[in-house]
Amino acid sequence: MVTNLKKTRLGVLDRYLTLWIFLAMAVGLLVGRCLPGFPVWLERWTVGTTNIPIAVGLVAMLFPPL
């Protein structure tokens with residue numbers, strides 16, 4: 001029998017994860033609308049078929065579980 005259970009509260013990032021996701025999507029849409037040259041600039045960071053900023057973002061996103 002375990003008697004020493006602590007209730008832990010989620011952190012701000014974890015508690016509002018859905019909000020952060022929707023905010024990131026909104027920022028992406030706004031950047032696409034307000035900065036029409038951004039996709040062209042982003043395309044210059046492509047090596048072969050790999051977009052470097054997207055690859056770095058994916059690695060940063062997947063690193064914590066590892």
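Among pairs with a residue in residues 46-66, none fulfils ring-ring contact (aromatic ring centres under 6.0 Å, His included), at least two apart in sequence or across chains.
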Acceptor/donor pairs from residues 27-38 side chains to any protein atom, 3.5 angstrom cut, sequence neighbours excluded:
none

Sequence neighbours excluded and cut-off under 3.5 Å, please list the side-chain donor-acceptor pairs for residues 46-60, or say none.
residue, atom, partner, partner atom, Å
Thr46, OG1, Glu43, O, 3.0
Thr46, OG1, Asn51, ND2, 3.4
Asn51, OD1, Ile54, N, 3.3
Asn51, ND2, Leu42, O, 3.3

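Applying the 4.5 Å side-chain rule to ILVMFWY residues, one finds Val12, Tyr16, Leu19, Trp20, Leu23 in the same cluster as Leu13.
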